[in-house]
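I have placed the structure first, in the form of structure tokens, so that the comments after it can refer back to it.
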Amino acid sequence: MKVLVTGARGFIGKNLVENLKNIRDGKDRSRDIEIDTIFEYDVDTPKEDLNVFCQNCDFVFNLAGINRPKDVEEFNINHSFLAELLDCLKKNNNKCPVMLSSSTQATLDNDYGRSKKEAEELLIAYGKENNVRVLPYRFPNVFGKWCRPNYNSGVATFCNNIANDLPITVNNRETVLTWSTLTILSMK
């Protein structure tokens with residue numbers, strides 16, 4: 001199987017790529033899949049590479065996106081890059097499954113949540129129009145290796161602050177956090 005990972009150098013992308021390499025190289029035999037090639041695409045990868053990757057991939061993990069931009073207009077990247085990716089797959093007549101990294105924030109009325117919801121809707125429409133299996137996945141509270149405090153996760157922030165004797169702020173003690181499978185896998 002040839003896998004395309006967009007956002008390959010982000011927190012989730014780096015973890016996924018490392019795990020895929022372990023499967024490919026026979027270091028992780030816990031999954032019954034064969035990985036031949038891992039295409040890594042990130043913000044500074046040449047655009048022409050995306051076309052080559054879209055010609056040849058058997059599965060796409062679209063993890064590319066932005067969650068803490070300097071300007072709210074940058075949230076457009078969350079659906080504009082997905083549109084570019086889907087157009088490239090369509091142009092190459094590649095009907096491989098596409099997984100989209102979304103967020104539980106997609107249910108909220110904020111700029112980030114709206115951008116993720118728009119991306120989910122775009123992916124679902126693409127799947128229906130092109131008879132392609134699509135997998136929008138809302139990651140809740142991810143945590144693991146390479147997670148940055150005050151950026152990716154409240155858990156990473158709490159761990160960092162405790163380890164460095166910094167204050168911890170809890171805004172609502174009644175909030176219950178849920179965990180994703182990624183959280184558990186990355187903590188092994």
Side-chain angles (χ1 to χ4, degrees), residues 1-25 27-28 35-103 105-106 110-123 126 132 134-139 142-153 156-157 160 180 182-183 185-186:
M1 176 183 291
K2 296 177 180 137
V3 178
L4 168 57
V5 179
T6 67
R9 285 198 310 281
F11 160 59
I12 295 174
K14 282 198 312 192
N15 277 283
L16 177 61
V17 167
E18 288 307 308
N19 281 294
L20 291 172
K21 286 178 181 177
N22 285 337
I23 294 168
R24 179 195 65 198
D25 298 344
K27 295 176 184 173
D28 179 349
I35 306 291
D36 302 316
T37 306
I38 304 160
F39 300 117
E40 297 179 49
Y41 189 85
D42 213 279
V43 68
D44 59 354
T45 306
K47 287 283 186 192
E48 49 279 1
D49 288 0
L50 184 62
N51 187 56
V52 173
F53 298 162
C54 285
Q55 286 173 1
N56 296 296
C57 64
D58 300 309
F59 193 97
V60 176
F61 288 98
N62 181 35
L63 308 175
I66 190 163
N67 61 352
R68 299 210 189 273
K70 293 177 182 163
D71 179 356
V72 294
E73 293 300 314
E74 291 179 68
F75 281 126
N76 292 335
I77 292 168
N78 290 329
H79 54 85
S80 64
F81 174 76
L82 175 63
E84 182 181 340
L85 171 67
L86 298 176
D87 285 346
C88 194
L89 288 166
K90 194 172 178 179
K91 180 180 82 172
N92 286 292
N93 199 30
N94 187 335
K95 294 186 177 262
C96 72
V98 179
M99 178 273 193
L100 170 68
S101 168
S102 189
S103 168
Q105 294 277 317
N110 61 48
D111 293 318
Y112 177 63
R114 282 189 297 274
S115 74
K116 287 302 204 174
K117 181 70 172 161
E118 288 174 22
E120 289 178 5
E121 291 169 352
L122 177 64
L123 182 70
Y126 168 82
V132 172
V134 296
L135 307 147
Y137 185 80
R138 292 180 178 170
F139 287 101
V142 293
F143 174 73
K145 186 176 181 179
W146 299 305
C147 198
R148 296 185 330 203
N150 302 305
Y151 187 80
N152 298 107
S153 160
T157 302
N160 176 73
S180 72
L182 175 71
T183 305
L185 292 175
S186 66

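Just so we're clear, the structure is a prediction, and the values are computed from it rather than from any experiment.
- Using a cut-off of 4.0 Å between Lys/Arg side-chain N and Asp/Glu carboxylate O, Lys14 and Glu40 are scored as not salt-bridged.
- Contact of the Val3 side chain with the Phe39 side chain is not registered, since no non-hydrogen atoms from C-beta on lie closer than 4.5 Å.
- Separation of atoms CG (Leu63) and CD1 (Ile12) is listed at 6.5 Å; rounding is to 0.5 Å.
- Minimum heavy-atom separation, Gly7 to Asp42: C-OD2, 3.2 Å.
- At distances below 3.5 Å, at least one donor-acceptor pair connects side-chain atoms of Lys116 with backbone N or O atoms of Ser101.
- Side-chain N or O atoms of Asn15 include one that pairs as donor or acceptor with a backbone N or O of Phe11 at under 3.5 Å.
- Under 3.5 Å, the side chains of Asp28 and Asn19 contain no donor-acceptor pair of N or O atoms.
- Atom CG of Leu85 sits about 6.0 Å away from atom CG of Leu50, to the nearest 0.5 Å.
- Listed by chain and number, the residues in a salt bridge (Lys or Arg N to Asp or Glu O under 4.0 Å) with Arg9 are Asp44 (sequence neighbours excluded).
- Only one option out of Leu4, Val132, Val60 pairs with Cys96 in a side chain to side chain contact (heavy atoms under 4.5 Å, CB included); it is Val60.
- Atoms CE and CD1, from Met1 and Ile23 in turn, are 10.0 Å apart once rounded to the nearest 0.5 Å.
- The line from CG of Leu123 to CE of Met99 is 10.0 Å long, rounded to the nearest 0.5 Å.
- Side chains of Gln105 and Asn110: a donor-acceptor N/O pair is present below 3.5 angstrom, by distance only.
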**Request:** Test side-chain contact (heavy atoms from CB on, under 4.5 Å) on Leu89 and Tyr126 and set out the steps.
**Result:** CA-CA 11 Å; Leu89 288 166; Tyr126 168 82; 3.6 Å; yes
**Asked** Under the side-chain contact (heavy atoms from CB on, under 4.5 Å) criterion, do Phe61 and Val98 qualify, and how do the steps go?
**Response** CA-CA 6 Å; Phe61 288 98; Val98 179; over 6 Å; no
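- The backbone N or O of Cys54 sits nowhere less than 3.5 Å from a side-chain atom of Asn92 that would complete a donor-acceptor pair.
- Salt-bridge annotation for Glu120 and Arg138: present, with a side-chain N of the basic residue lying under 4.0 Å from a carboxylate O of the acidic one.
- Using a distance-only test at 3.5 Å, with no hydrogens or angles considered, a donor-acceptor pair links the side chain of Asp58 to the main chain of Lys2.
- Under a 3.5 Å cut-off, the side chain of Thr6 and the backbone N or O of Tyr41 do not form any donor-acceptor pair.
- Looking only at distances, a side-chain donor or acceptor of Asp71 sits under 3.5 Å from a matching main-chain atom of Glu73.
- In this structure, the separation between CZ on Phe53 and CD1 on Ile38 is 11.5 Å, given to the nearest 0.5 Å.
- Using a 4.5 Å heavy-atom threshold, the side chains of Leu135 and Phe59 count as touching.
- A pairwise comparison of heavy atoms in Cys57 and Asn94 identifies O-ND2, 2.9 Å as the closest pair.
- With hydrogens and angles disregarded, no donor-acceptor distance shorter than 3.5 Å links the side chain of Asn51 to the backbone of Lys47.
- For Asp111 and Arg114, the salt-bridge test passes: some basic side-chain N is under 4.0 Å from an acidic carboxylate O.
- Atom-to-atom distance recorded for Leu100:CG and Phe139:CZ is 9.0 Å, nearest 0.5 angstrom.
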